[in-house]
Amino acid sequence: MLSGRVAVVTGAGSGLGRAAAIGLAAEGAAVVIGDLDVELAEGTAAEIGAAGGAASAQQVDVGDPEACERLVAAAVERHGALHVLFNSAGIALPFADGFAADIEPQTWDTVIRVNLSGTFYCCRAAIPAMADAGGGSIINTASSMAHLPTGLLDAYAASKGGVAQLTKSMAVGCGAHGIRVNAISPGYVDTPINASLFGHERARAAYELGHATGLQTPEEIADLVVFLASDAARSLTGAVHTADRGWTARDTESHASPACCHRDTQCDRPAARRGERAEPRAVTG
């Protein structure tokens, strides 16, 4: 499906990025694995290589525009072109993020720098290379919080809402260069970023109930990334694809109350009040 294509995946040392890199390689793409932790990136590249795929690792801090330029340049230098970019790198700071009045400016700046600016910097670096290759596909990672925030993760929700709107806006200009731009909004995915919460049985059960068919796996999001990277998705651009197993289809009353994960599940977490530091939450995307 992707034979002859070259893909860059950020945040590919673990979680969604790792699953997507493996999925893209399995369909024939040569993949450049970008991650702040180069050892994790090398681990993903080694796994792809052991399965007969083509992959290389590159350290990147997506919040640094020059590092993003180097990431794209490495892909083009190694493989001669760039056709696919999956912006998976992202962070959540649930112990510091929360209610806007309580968020330190440094926390806000860090979350926006990685999640929103990092997506922009990678797209900015990749677009000329993709145009030179005759077109391609950019896939960004938004979140169910871009559409239906749970509250008390205000910086994260803002960053992902920005990714969703950036995706739609960029699609207009990118169309003239043969580049499609889409985003994926996952629900709550069973990834390392959520391990601290999903390791608690009651909390995990609550989030399971919030999805029509249970928690998501990184691999099912990877399947959508592969589809959007392929010619089978040639009519799709400027779209933010909700892929959350029905999380945002729930009634808004369940989302609106910060006191409980799900109204049908007992929960010991108290409602947050002004001036109180919020309890950690799982994050999407």
Side-chain angles (χ1 to χ4, degrees), residues 1-2 5 7-12 15-24 27 29 83-90 92 115-116 118-120 122-123 126-127 130 135-150 156-175 178-191 193-194 207 210-250 252 255 282-285:
M1 184 185 292
L2 298 174
R5 308 287 176 87
V8 164
V9 181
T10 67
L16 298 184
R18 175 182 174 276
I22 292 171
L24 291 165
E27 291 296 331
H83 307 96
V84 177
L85 169 66
F86 177 39
N87 284 305
S88 180
N115 293 355
L116 180 54
T119 297
F120 165 72
C122 287
C123 289
I127 288 169
M130 286 188 175
S137 175
I138 293 173
I139 304 138
N140 297 324
T141 304
S143 166
S144 64
M145 284 199 191
H147 314 280
L148 190 59
T150 61
Y156 185 84
S159 72
K160 292 300 186 175
V163 169
Q165 293 305 315
L166 176 64
T167 296
K168 294 179 179 181
S169 186
M170 283 196 306
V172 177
C174 282
I179 302 169
R180 296 181 292 105
V181 188
N182 292 283
I184 299 172
S185 289
Y188 290 84
V189 186
D190 199 354
T191 61
I193 199 172
N194 285 327
Y207 281 97
H211 294 74
T213 55
L215 286 176
Q216 298 172 268
T217 67
E219 289 73 23
E220 68 191 70
I221 302 301
D223 289 344
L224 184 52
V225 172
V226 171
F227 168 70
L228 291 173
S230 75
D231 292 340
R234 58 191 175 278
S235 68
L236 299 178
T237 193
V240 181
H241 302 276
T242 302
D244 63 7
R245 288 198 181 190
W247 177 266
T248 52
R250 296 192 312 163
T252 55
H255 283 281
V283 298
T284 64

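The analysis underlying the following values was restricted to heavy atoms, covering all of them including side chains, and did not include hydrogens, waters or symmetry mates. All of these numbers come straight from a predicted model, not from anything done at the bench.
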**Student:** For E220, check side chain to side chain donor-acceptor pair (under 3.5 Å) against everything at least two apart and list the hits.
**Tutor:** T217, R245
**Student:** How would you list, by chain and number, every residue that makes a side chain to side chain donor-acceptor pair (under 3.5 Å) with T119, sequence neighbours excluded?
**Tutor:**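 For T119, no residue satisfies side chain to side chain donor-acceptor pair (under 3.5 Å) once neighbours in sequence are set aside.
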**Student:** Where the side chain of K160 meets the backbone of T141, is there a donor-acceptor pair that is under 3.5 Å apart?
**Tutor:** yes
**Student:** Restricting to non-hydrogen atoms, name the atom on A7 and the atom on L24 that form the minimum distance, rounded to 0.1 Å.
**Tutor:** CB-CD1, 4.1 Å
**Student:** Strictly distance-based, threshold 3.5 Å: is any side-chain N or O of S169 a donor or acceptor partner for the main-chain N or O of L166?
**Tutor:**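 No; judged by distance alone, with no hydrogens or angles, the pair does not exist.
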**Student:** State whether the side chain of Q216 and the backbone N or O of G187 hold a donor-acceptor pair below 3.5 Å, judged by distance alone.
**Tutor:**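 Checked: pair present.
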**Student:** Please report the shortest heavy-atom distance between V84 and M130, naming the atom on each side.
**Tutor:** C-CE, 3.5 Å
**Student:** When rounded to the nearest 0.5 angstrom, what distance separates CD1 in I127 from CE in M170?
**Tutor:** 5.5 Å
**Student:** Rounded to the nearest 0.5 Å, what separation is found between the CG atom of L224 and the CD1 atom of I139?
**Tutor:**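 Spacing of CG (L224) from CD1 (I139) equals 8.0 Å.
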**Student:** So H147 and S185, do their side chains get closer than 4.5 Å, heavy atoms only?
**Tutor:**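 They are in side-chain contact.
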**Student:** Quick one: CZ on F86 to CG on L16, what's the gap to the nearest 0.5 Å?
**Tutor:**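 The distance works out to 6.0 Å.
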**Student:** Of the non-hydrogen atoms in G17 and V9, which two are nearest, and what is the gap between them?
**Tutor:** O-CG1, 3.5 Å
**Student:** Please check this pair: side chain of R180 against backbone of L228, looking for a donor-acceptor N/O pair closer than 3.5 Å.
**Tutor:**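 Checking the backbone N and O of L228 against the side chain of R180, a donor-acceptor pair under 3.5 Å is found.
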**Student:** Provide the closest heavy-atom pair for A89 versus G11 in the form atom of the first, atom of the second, distance.
**Tutor:** CB-N, 3.7 Å
**Student:** Which atoms form the tightest heavy-atom contact between V240 and A142, and what is the distance?
**Tutor:**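 Heavy-atom minimum between the residues: CG1-CB, 4.4 Å.
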**Student:** Counting N and O atoms only, with roles assigned by atom type, does the side chain of N87 sit under 3.5 Å from a partner on the main chain of C122, one being a donor and the other an acceptor?
**Tutor:** no
**Student:** Heavy atoms, side chains only, cut-off 4.5 Å: are S230 and L2 in contact?
**Tutor:**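 S230 vs L2: side chains touch.
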**Student:** Output the distance between atom OG1 (T248) and atom CE (M145), rounded to the nearest 0.5 Å.
**Tutor:**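 CE of M145 is found 12.0 Å from OG1 of T248.
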**Student:** Report yes or no: does R18 contribute a side-chain atom to a donor-acceptor pair with the main-chain N or O of G15 at less than 3.5 Å?
**Tutor:**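 Not a single qualifying donor-acceptor pair exists.
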**Student:** Could you tell me whether a side-chain N or O of T10 sits under 3.5 Å from a main-chain N or O of S88, the two making a donor and an acceptor?
**Tutor:**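 Checked: pair present.
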**Student:** How many angstroms lie between atom CZ of F227 and atom CG of N182, to the nearest 0.5 angstrom?
**Tutor:** 9.0 Å
**Student:** Roughly how far apart are E27 CD and M1 CE, rounded to 0.5 Å?
**Tutor:**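 Result: 5.0 Å between the selected atoms.
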**Student:** Regarding N140 and T167, is there a side-chain donor-to-acceptor distance under 3.5 Å anywhere?
**Tutor:**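 Indeed, the side chains of N140 and T167 share at least one donor-acceptor pair under 3.5 Å.
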